[in-house]
Amino acid sequence: AIWLGLQNYDNIGPDMVKLIQTAVAQNADAIALPIWDAAAEGPEIKKATAKGIKVIAYNAGEPVYAKYGASAYIGTNEYTAGVKAGEYFVSQGKKNLLCVNDQPASANIKQRCDGLAKGSKKKGRKSTQLSLPATAFANATAIANGVKGAITKDPKIDAVFTISSADCDASVVGVKAAGSKAAIGSFDLSENILNRVKNGEQLVAVDQQGWLQGFLSTSTAWQYAAYGILPATTSILTGPALITKDNAAKVIAGVKTGQR
(Lines give C-alpha, C1' and ligand atoms only; values in the text may rest on other atoms or scores of the structure.)
Protein backbone atom coordinates (compact mmCIF):
# COMPACT_ATOMS: atom_id res chain seq x y z
CA ALA A 1 0.00 0.00 0.00
CA ILE A 2 1.16 3.55 -0.76
CA TRP A 3 0.10 6.57 1.28
CA LEU A 4 -0.61 9.80 -0.58
CA GLY A 5 -1.51 12.71 1.69
CA LEU A 6 -2.33 16.41 1.54
CA GLN A 7 0.36 18.86 2.61
CA ASN A 8 -2.31 21.10 4.15
CA TYR A 9 -6.04 21.80 3.94
CA ASP A 10 -5.92 25.20 2.23
CA ASN A 11 -7.06 23.92 -1.18
CA ILE A 12 -8.75 20.60 -0.52
CA GLY A 13 -10.66 20.06 -3.75
CA PRO A 14 -7.91 20.67 -6.32
CA ASP A 15 -5.31 18.97 -4.13
CA MET A 16 -7.44 15.85 -3.74
CA VAL A 17 -7.90 15.78 -7.53
CA LYS A 18 -4.10 15.73 -7.94
CA LEU A 19 -3.78 12.86 -5.44
CA ILE A 20 -6.39 10.80 -7.28
CA GLN A 21 -4.69 11.49 -10.60
CA THR A 22 -1.35 10.46 -9.09
CA ALA A 23 -2.81 7.19 -7.82
CA VAL A 24 -4.30 6.46 -11.25
CA ALA A 25 -1.00 7.29 -12.98
CA GLN A 26 0.77 4.87 -10.64
CA ASN A 27 -1.59 2.10 -11.82
CA ALA A 28 -3.26 1.55 -8.47
CA ASP A 29 -5.52 -1.50 -8.29
CA ALA A 30 -7.64 0.16 -5.62
CA ILE A 31 -7.93 3.55 -3.97
CA ALA A 32 -9.27 4.33 -0.50
CA LEU A 33 -10.07 8.02 -0.10
CA PRO A 34 -12.24 10.58 1.69
CA ILE A 35 -14.69 12.52 -0.48
CA TRP A 36 -14.21 15.90 1.15
CA ASP A 37 -15.10 17.91 -1.95
CA ALA A 38 -17.55 15.91 -4.03
CA ALA A 39 -17.77 18.42 -6.89
CA ALA A 40 -14.02 18.31 -7.42
CA GLU A 41 -13.30 14.66 -6.61
CA GLY A 42 -16.39 13.07 -8.13
CA PRO A 43 -15.37 13.29 -11.82
CA GLU A 44 -11.90 11.93 -11.02
CA ILE A 45 -13.37 9.03 -9.08
CA LYS A 46 -15.55 8.22 -12.10
CA LYS A 47 -12.48 8.28 -14.35
CA ALA A 48 -10.64 5.93 -11.98
CA THR A 49 -13.49 3.42 -11.80
CA ALA A 50 -13.86 3.56 -15.60
CA LYS A 51 -10.30 2.23 -15.77
CA GLY A 52 -11.29 -0.67 -13.52
CA ILE A 53 -9.79 0.76 -10.34
CA LYS A 54 -11.74 -0.15 -7.20
CA VAL A 55 -12.58 2.89 -5.06
CA ILE A 56 -13.59 2.75 -1.40
CA ALA A 57 -14.64 5.98 0.32
CA TYR A 58 -13.92 6.58 3.97
CA ASN A 59 -14.28 9.40 6.52
CA ALA A 60 -16.43 11.60 4.26
CA GLY A 61 -18.78 11.07 1.34
CA GLU A 62 -21.54 8.81 2.60
CA PRO A 63 -24.35 10.66 0.75
CA VAL A 64 -22.56 10.64 -2.62
CA TYR A 65 -20.07 7.76 -2.77
CA ALA A 66 -22.29 5.53 -4.92
CA LYS A 67 -23.15 8.40 -7.28
CA TYR A 68 -19.50 8.73 -8.26
CA GLY A 69 -18.80 5.02 -8.56
CA ALA A 70 -17.16 4.21 -5.24
CA SER A 71 -18.10 0.71 -4.13
CA ALA A 72 -18.41 1.26 -0.38
CA TYR A 73 -18.29 3.87 2.35
CA ILE A 74 -16.67 3.40 5.75
CA GLY A 75 -17.07 6.17 8.28
CA THR A 76 -19.59 8.14 10.26
CA ASN A 77 -22.77 9.90 9.28
CA GLU A 78 -21.64 13.48 9.84
CA TYR A 79 -25.09 15.02 10.13
CA THR A 80 -26.29 12.40 12.62
CA ALA A 81 -23.11 12.92 14.62
CA GLY A 82 -23.80 16.64 14.81
CA VAL A 83 -27.40 16.05 15.85
CA LYS A 84 -26.33 13.75 18.67
CA ALA A 85 -23.76 16.27 19.87
CA GLY A 86 -26.35 19.06 19.85
CA GLU A 87 -28.82 16.93 21.78
CA TYR A 88 -26.16 16.06 24.33
CA PHE A 89 -25.19 19.68 24.91
CA VAL A 90 -28.84 20.55 25.50
CA SER A 91 -29.26 17.59 27.85
CA GLN A 92 -26.43 19.10 29.90
CA GLY A 93 -28.27 22.41 30.19
CA LYS A 94 -26.56 24.35 27.37
CA LYS A 95 -28.68 26.93 25.57
CA ASN A 96 -26.48 28.84 23.13
CA LEU A 97 -24.06 26.79 21.01
CA LEU A 98 -21.25 27.98 18.74
CA CYS A 99 -19.89 25.68 16.02
CA VAL A 100 -16.38 26.64 14.90
CA ASN A 101 -15.97 25.84 11.19
CA ASP A 102 -12.63 26.57 9.55
CA GLN A 103 -13.34 24.34 6.55
CA PRO A 104 -16.47 26.03 5.16
CA ALA A 105 -15.97 24.55 1.69
CA SER A 106 -15.89 20.97 2.99
CA ALA A 107 -19.29 19.30 2.70
CA ASN A 108 -18.79 16.86 5.58
CA ILE A 109 -17.74 19.64 7.94
CA LYS A 110 -20.81 21.69 7.05
CA GLN A 111 -22.92 18.62 7.84
CA ARG A 112 -21.39 18.51 11.32
CA CYS A 113 -22.37 22.10 12.10
CA ASP A 114 -25.78 21.69 10.45
CA GLY A 115 -26.45 18.61 12.55
CA LEU A 116 -25.36 20.40 15.72
CA ALA A 117 -27.85 23.17 14.92
CA LYS A 118 -30.63 20.65 14.30
CA GLY A 119 -29.92 18.75 17.51
CA SER A 120 -30.00 21.88 19.62
CA LYS A 121 -32.80 23.78 17.88
CA LYS A 122 -35.28 20.94 18.00
CA LYS A 123 -34.94 21.28 21.76
CA GLY A 124 -35.61 25.00 21.51
CA ARG A 125 -32.01 26.13 21.89
CA LYS A 126 -29.82 28.44 19.80
CA SER A 127 -26.92 27.42 17.57
CA THR A 128 -24.74 29.63 15.39
CA GLN A 129 -21.77 28.91 13.15
CA LEU A 130 -18.44 30.72 13.26
CA SER A 131 -17.07 30.46 9.72
CA LEU A 132 -13.32 30.98 9.45
CA PRO A 133 -11.18 30.81 6.29
CA ALA A 134 -9.56 27.48 5.42
CA THR A 135 -6.16 28.99 6.22
CA ALA A 136 -7.27 29.08 9.87
CA PHE A 137 -7.35 25.27 10.07
CA ALA A 138 -4.97 24.21 12.84
CA ASN A 139 -3.88 27.87 13.18
CA ALA A 140 -4.12 28.21 16.93
CA THR A 141 -3.93 32.01 16.98
CA ALA A 142 -6.62 32.50 14.33
CA ILE A 143 -8.98 30.04 15.98
CA ALA A 144 -8.46 31.37 19.50
CA ASN A 145 -9.02 34.93 18.33
CA GLY A 146 -12.12 33.91 16.37
CA VAL A 147 -13.67 32.15 19.34
CA LYS A 148 -12.78 35.01 21.70
CA GLY A 149 -14.34 37.49 19.29
CA ALA A 150 -17.56 35.48 18.93
CA ILE A 151 -18.02 35.15 22.68
CA THR A 152 -17.19 38.81 23.24
CA LYS A 153 -19.90 39.69 20.72
CA ASP A 154 -22.39 37.27 22.29
CA PRO A 155 -21.52 36.57 25.95
CA LYS A 156 -24.52 34.26 26.27
CA ILE A 157 -22.68 31.56 24.28
CA ASP A 158 -22.34 28.73 26.80
CA ALA A 159 -20.95 25.95 24.58
CA VAL A 160 -18.28 25.91 21.88
CA PHE A 161 -17.98 22.99 19.49
CA THR A 162 -15.05 22.44 17.14
CA ILE A 163 -15.13 20.45 13.92
CA SER A 164 -11.81 18.71 14.53
CA SER A 165 -9.33 17.84 17.24
CA ALA A 166 -6.81 20.21 15.66
CA ASP A 167 -9.03 23.17 16.57
CA CYS A 168 -10.06 22.15 20.04
CA ASP A 169 -7.03 23.24 22.09
CA ALA A 170 -7.09 26.68 20.48
CA SER A 171 -10.80 27.04 21.17
CA VAL A 172 -10.14 26.34 24.84
CA VAL A 173 -7.63 29.21 24.80
CA GLY A 174 -10.17 31.46 23.11
CA VAL A 175 -12.87 30.68 25.67
CA LYS A 176 -10.53 31.45 28.55
CA ALA A 177 -9.30 34.64 26.88
CA ALA A 178 -12.91 35.81 26.63
CA GLY A 179 -13.36 35.24 30.36
CA SER A 180 -16.07 32.68 29.59
CA LYS A 181 -17.00 29.40 31.22
CA ALA A 182 -18.49 27.99 28.02
CA ALA A 183 -18.37 24.22 27.79
CA ILE A 184 -16.15 22.65 25.13
CA GLY A 185 -16.97 19.87 22.72
CA SER A 186 -15.21 18.52 19.64
CA PHE A 187 -15.28 16.07 16.80
CA ASP A 188 -12.48 13.51 16.86
CA LEU A 189 -9.96 12.72 19.56
CA SER A 190 -6.51 13.66 20.76
CA GLU A 191 -4.58 13.01 23.96
CA ASN A 192 -5.41 16.49 25.23
CA ILE A 193 -9.08 16.09 24.42
CA LEU A 194 -9.36 12.73 26.15
CA ASN A 195 -7.60 13.99 29.24
CA ARG A 196 -9.84 17.06 29.41
CA VAL A 197 -12.96 14.93 29.07
CA LYS A 198 -11.73 12.49 31.71
CA ASN A 199 -10.95 15.34 34.11
CA GLY A 200 -14.28 17.08 33.52
CA GLU A 201 -12.67 20.02 31.70
CA GLN A 202 -14.38 19.24 28.38
CA LEU A 203 -17.99 18.17 28.11
CA VAL A 204 -17.87 15.76 25.18
CA ALA A 205 -16.00 14.51 22.13
CA VAL A 206 -17.61 12.82 19.14
CA ASP A 207 -15.61 9.82 18.01
CA GLN A 208 -15.80 8.39 14.50
CA GLN A 209 -13.03 5.81 15.08
CA GLY A 210 -10.48 7.04 12.57
CA TRP A 211 -8.16 4.10 13.17
CA LEU A 212 -10.94 1.65 12.32
CA GLN A 213 -11.86 3.67 9.22
CA GLY A 214 -8.31 3.44 7.93
CA PHE A 215 -8.02 -0.27 8.69
CA LEU A 216 -11.36 -1.23 7.17
CA SER A 217 -11.09 0.96 4.08
CA THR A 218 -7.64 -0.27 3.06
CA SER A 219 -8.38 -3.92 3.82
CA THR A 220 -11.72 -3.71 1.99
CA ALA A 221 -10.10 -2.04 -1.02
CA TRP A 222 -7.38 -4.70 -1.13
CA GLN A 223 -9.82 -7.58 -0.78
CA TYR A 224 -12.09 -6.21 -3.48
CA ALA A 225 -9.23 -5.68 -5.92
CA ALA A 226 -7.66 -9.05 -5.20
CA TYR A 227 -10.71 -11.29 -4.85
CA GLY A 228 -13.76 -9.31 -6.00
CA ILE A 229 -15.29 -9.52 -2.54
CA LEU A 230 -17.20 -6.71 -0.84
CA PRO A 231 -18.97 -6.69 2.54
CA ALA A 232 -22.67 -7.43 2.30
CA THR A 233 -23.33 -3.97 3.73
CA THR A 234 -21.46 -1.38 1.70
CA SER A 235 -22.18 1.58 3.97
CA ILE A 236 -20.38 0.72 7.20
CA LEU A 237 -20.75 3.24 10.02
CA THR A 238 -17.93 3.52 12.54
CA GLY A 239 -19.63 6.33 14.45
CA PRO A 240 -20.82 8.51 15.95
CA ALA A 241 -19.95 7.62 19.52
CA LEU A 242 -20.03 10.18 22.32
CA ILE A 243 -17.02 10.23 24.62
CA THR A 244 -17.90 11.69 28.01
CA LYS A 245 -16.44 11.64 31.49
CA ASP A 246 -18.26 8.34 32.06
CA ASN A 247 -16.39 6.38 29.38
CA ALA A 248 -13.22 8.40 28.66
CA ALA A 249 -11.00 6.12 30.75
CA LYS A 250 -11.91 3.09 28.62
CA VAL A 251 -11.18 4.99 25.42
CA ILE A 252 -7.81 6.06 26.79
CA ALA A 253 -7.03 2.43 27.56
CA GLY A 254 -7.75 1.60 23.90
CA VAL A 255 -5.38 4.35 22.75
CA LYS A 256 -2.58 2.88 24.87
CA THR A 257 -2.96 -0.52 23.23
CA GLY A 258 -3.25 0.92 19.70
CA GLN A 259 -6.94 0.33 18.97
CA ARG A 260 -8.07 3.99 19.05
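All residue numbers in this chain count up from 1 along the given sequence. What's counted below: heavy atoms across the whole structure, side chains too, no hydrogens, waters or symmetry copies.
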Do [X] and [Y] land in one hydrophobic cluster if side-chain heavy atoms of ILVMFWY residues count as linked below 4.5 Å?
X: Leu19; Y: Tyr9; value: yes
X: Ile229; Y: Trp222; value: yes
X: Ile74; Y: Leu212; value: yes
X: Ile151; Y: Leu132; value: yes
X: Tyr65; Y: Ile20; value: yes

Mind running side-chain contact (heavy atoms from CB on, under 4.5 Å) on Arg112 and Asp114 for me, showing each step along the way?
CA-CA 5 Å; Arg112 293 178 176 185; Asp114 287 349; over 6 Å; no

Could I get the full list of side chain to side chain contact (heavy atoms under 4.5 Å, CB included) partners for [X], not counting sequence neighbours?
X: Val251; answer: Leu189, Leu194, Ile243, Arg260
X: Lys121; answer: Ala117, Ser127
X: Thr22; answer: Leu4, Gln26

Check against salt bridge (charged side-chain N to carboxylate O under 4.0 Å, His left out), Asp154 and Lys126
CA-CA 12 Å; Asp154 182 2; Lys126 179 181 179 181; 3.5 Å; yes

Distance-only polar pair, side chains of Thr238 and Gln208, donor-acceptor under 3.5 Å
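No donor-acceptor contact under 3.5 Å links the two side chains.
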
Side-chain donor-acceptor pair under 3.5 Å between Ser186 and Gln202, yes or no?
yes

So, for [X] and [Y], which heavy atoms are closest and what is the spacing to 0.1 Å?
X: Thr49; Y: Gly69; value: CG2-O, 3.4 Å
X: Val64; Y: Ala38; value: CG2-CB, 4.0 Å
X: Asn101; Y: Pro104; value: OD1-N, 3.4 Å
X: Met16; Y: Pro34; value: CE-O, 3.6 Å
X: Trp36; Y: Ala60; value: CD1-CB, 3.5 Å
X: Ala134; Y: Gln103; value: O-NE2, 3.7 Å

Answer whether the closest heavy-atom distance between the side chains of [X] and [Y] falls below 4.5 Å.
X: Tyr79; Y: Pro63; result: no
X: Asp102; Y: Asp167; result: yes
X: Leu116; Y: Leu97; result: yes
X: Thr220; Y: Ser217; result: no
X: Asp158; Y: Arg125; result: no
X: Ile184; Y: Cys168; result: yes
X: Ser106; Y: Asp37; result: no
X: Lys95; Y: Phe89; result: no

Hey, does the side chain of [X] reach the backbone of [Y] with a donor-acceptor pair shorter than 3.5 angstrom?
X: Thr234; Y: Ala72; answer: no
X: Asn247; Y: Leu242; answer: yes
X: Asn139; Y: Ala142; answer: yes
X: Thr233; Y: Ser235; answer: no

Take Lys84 and Val206 through the test side-chain contact (heavy atoms from CB on, under 4.5 Å) and record every step on the way to the result.
CA-CA 9 Å; Lys84 287 187 176 296; Val206 181; over 6 Å; no

Let's go through Phe187 and Glu78 carefully: what are the C-alpha distance in whole Å and the side-chain angles of both, what is the deciding distance for side-chain contact (heavy atoms from CB on, under 4.5 Å) to 0.1 Å, and is it a yes or a no?
CA-CA 10 Å; Phe187 273 90; Glu78 304 284 13; 4.2 Å; yes

Would you give the length of the straight line joining atom [atom1] of [X] to atom [atom2] of [Y], rounded to the nearest 0.5 angstrom?
X: Asn199; Y: Lys245; atom1: CG; atom2: NZ; result: 8.0 Å
X: Asp188; Y: Thr162; atom1: CG; atom2: OG1; result: 8.5 Å
X: Ser71; Y: Lys54; atom1: OG; atom2: NZ; result: 6.5 Å
X: Asp169; Y: Ser190; atom1: CG; atom2: OG; result: 5.5 Å
X: Ile56; Y: Thr218; atom1: CD1; atom2: OG1; result: 10.5 Å
X: Lys110; Y: Cys99; atom1: NZ; atom2: SG; result: 11.0 Å

Is NZ or CZ of Lys46 both nearer than 6.0 Å to the six-membered ring centre of Tyr68 and within 45° of the ring axis?
no

May I ask you to check whether Tyr73 and Tyr58 place their ring centers less than 6.0 Å from one another?
no

Verdict with reasoning, Gln129 to Val100, per side-chain contact (heavy atoms from CB on, under 4.5 Å)
CA-CA 6 Å; Gln129 186 173 156; Val100 182; over 6 Å; no

